[in-house]
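Remember, predicted model here, so these are calculated numbers, not experimental data. Order of appearance sets the numbers: ligands from 1, and atoms from 1 within every ligand.
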Amino acid sequence: MTGEKMHNVFVYGTLKKGQPNYHIMTDPKLGKAVFKGTGQTLDQYPLVIAQKGNIPFLLNVPGIGHHIAGEIYLVDDQMLQFLDGFESCPDMYQRTVKRIEIVKWKDRRDSPEKRTAGNTIECFVYSTTTYQPEWLSLPYLQSYDSYGTHDQSYISHQDR
Ligand code: PCA
């Protein structure tokens, strides 16, 4: 494990704590994911719920929508590869690097001068450019919650 490269990943959808796919982040068989803190995208993006499965999509169109809320994880290669497969990357989502503003960092011991609220960190994010044009007319969320007030709870793959 020591010396293995870890990757920053920002999740904003079903992979967040309390959301339908969070169990992936805590499954040691799939690799390692360590929660580091909460953040929001430095740029604004449209975040919509679309498709049969009521799936959250961050449309890769910076400058419209909101600063999207999410969670920052440090993940190993194995977990990153699993997530790429799970998110049908690059067909449905593409994993790109985006700048994330830290809202709250969990561990004050790691790089205290850099990892504090208001500072930014580069993270992988699963967003999409391969969306239907009409998705841009859907309501834009700032913070995704499958169990929120939108009546569009996420439907997992096997139930679609
Ligand atoms: N899973 C990824 C992208 C959208 C989704 O539901 C995430 O939570 O960031």
Side-chain angles (χ1 to χ4, degrees), residues 6-62 64-106 120-136 138-160:
M6 300 287 279
H7 315 272
N8 296 322
V9 178
F10 173 80
V11 304
Y12 61 86
T14 60
L15 293 171
K16 292 191 297 187
K17 285 178 199 285
Q19 297 300 316
N21 291 323
Y22 175 64
H23 57 92
I24 288 171
M25 308 301 273
T26 57
D27 187 343
K29 291 195 294 296
L30 306 178
K32 204 171 169 202
V34 185
F35 173 76
K36 299 309 285 185
T38 56
Q40 61 177 22
T41 58
L42 187 64
D43 286 328
Q44 293 164 267
Y45 293 95
L47 168 58
V48 300
I49 296 176
Q51 287 195 338
K52 271 218 206 70
N54 293 332
I55 304 168
F57 288 97
L58 193 156
L59 310 184
N60 203 353
V61 188
I64 57 171
H66 301 282
H67 301 282
I68 305 302
E71 298 172 354
I72 301 161
Y73 289 82
L74 212 48
V75 313
D76 67 1
D77 284 327
Q78 190 196 344
M79 181 61 83
L80 192 64
Q81 269 172 39
F82 181 84
L83 291 175
D84 280 359
F86 182 77
E87 302 297 352
S88 305
C89 177
D91 298 333
M92 201 153 101
Y93 295 90
Q94 299 83 42
R95 172 161 57 79
T96 59
V97 175
K98 302 205 183 307
R99 197 155 272 286
I100 303 301
E101 183 182 335
I102 293 168
V103 171
K104 193 170 198 297
W105 199 253
K106 189 177 173 217
T120 62
I121 176 174
E122 290 203 319
C123 297
F124 285 129
V125 182
Y126 293 96
S127 68
T128 186
T129 50
T130 51
Y131 57 86
Q132 311 289 308
E134 54 272 20
W135 293 7
L136 277 169
L138 293 169
Y140 297 164
L141 310 174
Q142 189 268 327
S143 180
Y144 172 78
D145 180 6
S146 171
Y147 313 105
T149 51
H150 44 64
D151 263 352
Q152 287 181 287
S153 291
Y154 176 77
I155 302 163
S156 67
H157 293 263
Q158 60 270 30
D159 301 333
R160 270 172 220 159

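With a 6.0 Å cutoff to the six-membered ring centre and a 45° limit on the axis angle, Lys17 counts as a cation-pi contact of Phe35.
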Extract all N/O-N/O pairs under 3.5 Å that connect ligand 1 to the protein, and present each with both atom names and the distance rounded to 0.1 Å.
unit_1, atom_1, unit_2, atom_2, d
ligand 1, 1 (N), Glu87, OE2, 3.0
ligand 1, 6 (O), Thr14, N, 3.0
ligand 1, 6 (O), Thr14, OG1, 2.7
ligand 1, 8 (O), Gly13, N, 2.8
ligand 1, 8 (O), Thr14, N, 3.3
ligand 1, 8 (O), Leu15, N, 3.1
ligand 1, 9 (O), Tyr12, N, 3.0

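Between the CG atom in Asn60 and the OH atom in Tyr45 there is a gap of 5.5 Å [rounded to 0.5 Å].
Of the possible donor and acceptor atoms, one in the side chain of Gln44 sits under 3.5 Å from a partner among the backbone N and O of Gly65.
Taking the six-membered ring where tryptophan is involved, the planes of Phe124 and His7 are tilted, since the angle between them lies from 30° to 60°.
Heavy-atom minimum distance, Ile72 versus Thr38: CD1-O, 4.0 Å.
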* When you look at Asp84 and Tyr126, which way does the side-chain hydrogen bond (donor to acceptor under 3.5 Å, both in side chains) test go after all the steps? -> CA-CA 9 Å; Asp84 280 359; Tyr126 293 96; 2.7 Å; yes
